Amino acid sequence: MPTATARHILVESEQKCQELKQQIENGADFGKIAEQHSQCPSSRSGGDLGEFSKGMMVPEFDKVVFSEELHKVHGPVKTQFGYHLLEVTSRKD
């Protein structure tokens, strides 16, 4: 079964998500932005979600994590929890 590791930032608005993505693309550290702004408990570890299998996360996550480019910031991704920025750090088939 495919597995991946990723980190994310969860915020309430698409606008905030876009602002943070711009900061990261301009050189800000993803982990530090996650610690400062993410509303997920994973913020304490820079947004790190650890390793997970396909189907363990919400479908919107899986779509990005198991198909998009590694080491690139993707999003905003809207889920029932809010808006996410996602960075896929590894993937195994």
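Positions are given from 1, in the same order as the sequence printed here. Everything numeric here is computed off the predicted structure, so don't read it as measured data.
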**Request:** Working to the nearest 0.5 Å, report the span between NZ of K32 and CD of Q23.
**Result:**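 Going from NZ on K32 over to CD on Q23, the span is 14.0 Å.
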
**Item:** Euclidean distance, M1 CE relative to M56 CE, rounded to 0.5 Å
**Value:**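 So the gap between those two atoms works out to 10.0 Å.
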
[X], [Y]: one ILVMFWY side-chain cluster at the under-4.5 Å cut-off?
| X | Y | answer |
| --- | --- | --- |
| L85 | L70 | no |
| V64 | F61 | yes |
| L49 | L10 | yes |
| V58 | V88 | yes |

**Request:** Decide if atom CG of N26 counts as having more than 12 heavy atoms of other residues, nucleotides or ligands within a radius under 6.0 Å.
**Result:**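 Atom CG in N26 is packed in, count exceeds 12.
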
Distance-minimising heavy-atom pair for [X] and [Y]:
| X | Y | answer |
| --- | --- | --- |
| R91 | S67 | NH1-N, 3.7 Å |
| G47 | A34 | N-CB, 3.7 Å |
| A4 | V65 | CB-CG1, 3.4 Å |
| R7 | F30 | NH2-CB, 3.4 Å |

**Results of side-chain contact (heavy atoms from CB on, under 4.5 Å) for K16 - residues two or more places apart only** =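 Partners of K16 under the side-chain contact (heavy atoms from CB on, under 4.5 Å) test: V11, S13, E19, L20, H37.
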
**Request:** Would you please name every residue forming a side-chain contact (heavy atoms from CB on, under 4.5 Å) with D62, sequence neighbours left out?
**Result:**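 side-chain contact (heavy atoms from CB on, under 4.5 Å) check on D62 returns K54, M57, F66.
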
**Asked** Is there side-chain contact between I9 and I33, with at least one heavy-atom pair below 4.5 Å?
**Response**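 They are in side-chain contact.
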
**Request:** Would you check if T5 and F52 make a side-chain contact, meaning some heavy-atom pair closer than 4.5 Å?
**Result:**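 Of all side-chain heavy-atom pairs linking F52 with T5, none is under 4.5 Å.
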
**Message:** My understanding is that only residues two or more places apart in sequence, or in another chain, count here; which of them pass side chain to side chain donor-acceptor pair (under 3.5 Å) with K72?
**Reply:**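 Side chain to side chain donor-acceptor pair (under 3.5 Å) check on K72 returns nothing, list empty.
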
**Request:** Please identify each residue that fulfils side chain to side chain donor-acceptor pair (under 3.5 Å) with Q39, with sequence neighbours left out.
**Result:**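 Only E12 meet the side chain to side chain donor-acceptor pair (under 3.5 Å) criterion with Q39.
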
**Asked** If you look only at pairs with a residue in residues 40-50, which of them pass as a side chain to side chain donor-acceptor pair (under 3.5 Å), with sequence neighbours excluded?
**Response**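 Applying side chain to side chain donor-acceptor pair (under 3.5 Å) to every pair that reaches into residues 40-50, excluding sequence neighbours, yields H8-S42.
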
**Message:** Suppose the criterion is side chain to side chain donor-acceptor pair (under 3.5 Å): which pairs have a residue in residues 73-82, not counting sequence neighbours?
**Reply:**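 Every side chain to side chain donor-acceptor pair (under 3.5 Å) pair that includes a residue of residues 73-82, provided the two are not neighbours, is T79-H84.
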
**Request:** Check step by step if salt bridge (Lys or Arg N to Asp or Glu O under 4.0 Å) holds for K63 and E68.
**Result:** CA-CA 8 Å; K63 183 177 178 185; E68 297 294 336; over 6 Å; no

